[in-house]
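Numbered from 1 within each chain, the chains take letters A, B, ... in sequence-line order.
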There are 2 protein chains.
Amino acid sequence: MESKRGYHHGDLRNALLAATTELVRERGARGFSVSEAARRAGVSSSAPYRHFSDREAMLAAAALVGFHALGERFSSLPDERAFEARAAWIAVSYLRFAQEDPARFETMFASGIDKSRHEDLMRQAVVVQALLEAALGPFLDPAELVDRAAELWSLAHGVATLVLQGNLQHVVDAGRVESLAESAARSWAAGVASAQR
Amino acid sequence: MESKRGYHHGDLRNALLAATTELVRERGARGFSVSEAARRAGVSSSAPYRHFSDREAMLAAAALVGFHALGERFSSLPDERAFEARAAWIAVSYLRFAQEDPARFETMFASGIDKSRHEDLMRQAVVVQALLEAALGPFLDPAELVDRAAELWSLAHGVATLVLQGNLQHVVDAGRVESLAESAARSWAAGVASAQR
DNA sequence: GATCTGATGTGAGAGGTTCTTACATCGGAG
DNA sequence: CTCCGATGTAAGAACCTCTCACATCAGATC
């Protein structure tokens, strides 16, 4: 499409972003290098610094895309009428999100990005939290909504990270991981519900 | 004590390990470098490779120490007679472990170590799981013990990692994080207990 | 006691990285 | 049509990991 380029690329920022996600998928966030991304985009190794201040900024940009995708996933959820079912759906969805693209998940949460240096990332993390609150809102006392949403997020996040890093490898076999997430979420939700009454 | 050394250090491996944990504490796992560790131990930059095959191996060794410490923490727990109290104690302890030395926790779980390359690490992760199983054993059906322990670990781990990475920063203020962990664990335990009956 | 040897440390260096700085190019506003 | 700001390049400083040939020395062996 934009094969023959002259001195200027035309869409380098996006090309670099694509190269970044591809590279991270192949080699992990640690294996990612600005040089290699530049190489793949066909530009010199200093060109990326016109578009990103930092190596970290490139990863942060990729992570931001990931956070948007995660947000999207939670923005329209099936209208489960039961609290427990909804909690379970959220936890399982989160786990699937992590498993279907581990590199993306790693970039978002385990690439060592200093979130305080990237407010856009911070904001998008808050959006995720807000979506969870919206999802649980109909079932909970507003006074505890924030905490409960954070708890569910924590639970789902814990399952996802432990699994992805292989900490449960010799404990729960791969096929049953989803049901573990579901069971954990259901237990939690049941406990929450029983305390409310 | 071992101030004046000649050509040979005498205890380089340990000195390097100490330098590693110190360095990680200062600069994070990503900021750690073999060269700098060598410098601090007062040896040449190639000396560490006599004791560790890899940069990763140094981090793995430090992580292993961390896993031992975590194991220790769970090996003797107060004899709470109530299931929910014990679950809460575990979650809160885990969170404290993470917060009292974030660098150690980061090394253990977010430094990008390939666990499959370090069976000692893998084994120690299994030990942690086993300790959790032992702690919950008295209260649970043996058939579901493994899964339940993994669920609790996940929950605690999720809280710890989200907090340490600042994802809950604008959601739950720092002082209330422990009570969030406790509340989450209690809810989960209550749900588990109610399903057992 | 002298020697030999394996473990441990050194120096140099190949090849990689991030990021900066001075300069080159070019599209579009005036 | 000009010129200027945005975007590219080339070169290089300062790191990094890891390897290889060589130096040193403590302790086992004769």
(message) Within the supplied structure, the quantity of interest is the number of heavy atoms (other residues, nucleotides, ligands) at a distance under 6.0 Å from B/E72 CD; does it exceed 12?
(response) no

Measure the distance from [atom1] on [X] to [atom2] on [N] and round it to the nearest whole Å.
| X | N | atom1 | atom2 | answer |
| --- | --- | --- | --- | --- |
| A/R30 | C/dT17 | CZ | C1' | 16 Å |
| A/L16 | D/dT7 | CG | P | 12 Å |
| A/F32 | C/dC19 | CZ | C1' | 13 Å |
| A/E36 | C/dT18 | CD | P | 10 Å |
| A/R13 | D/dT7 | CZ | P | 11 Å |
| B/F52 | C/dT8 | CZ | C1' | 14 Å |

(request) Indicate the ring-plane relationship of A/F139 and A/F83, choosing parallel, tilted or perpendicular according to the 30° and 60° boundaries. (result) tilted

(request) Could you check whether A/R55 gets within reach of a base, just the sugar-phosphate, or nothing at all, counting any heavy atom under 4.0 Å? (result) sugar-phosphate

(request) Starting from the 5' end of DNA chain C, give me the residue, A/S33 or A/R50, whose nearest nucleotide shows up first. (result) A/S33

(message) Side chains of A/E151 and B/S183 only: does a donor on one sit below 3.5 Å from an acceptor on the other?
(response) yes

(request) Name the closest nucleotide to the B/H51 side chain, picking from C/dT8, D/dC16, D/dT7. (result) C/dT8

(message) Show the nearest heavy-atom pair for residues A/L95 and A/A181, with the distance to one decimal.
(response) CD2-CB, 3.9 Å

(message) If you apply the rule side-chain hydrogen bond (donor to acceptor under 3.5 Å, both in side chains), what do you find for A/Q129 with B/H170, and how did you get there?
(response) CA-CA 10 Å; A/Q129 162 79 13; B/H170 296 307; over 6 Å; no

(message) Does the Lys NZ or Arg CZ of B/R104 fall within the cation-pi geometry relative to B/F97 - under 6.0 Å from the ring centre and within 45° of the axis?
(response) yes

(request) Output the residues of residues 39-49 of chain B in contact with DNA chain D, where contact means a heavy atom of the residue under 4.0 Å from an atom of the strand; sort by number or write none. (result) B/R39, B/S46, B/Y49

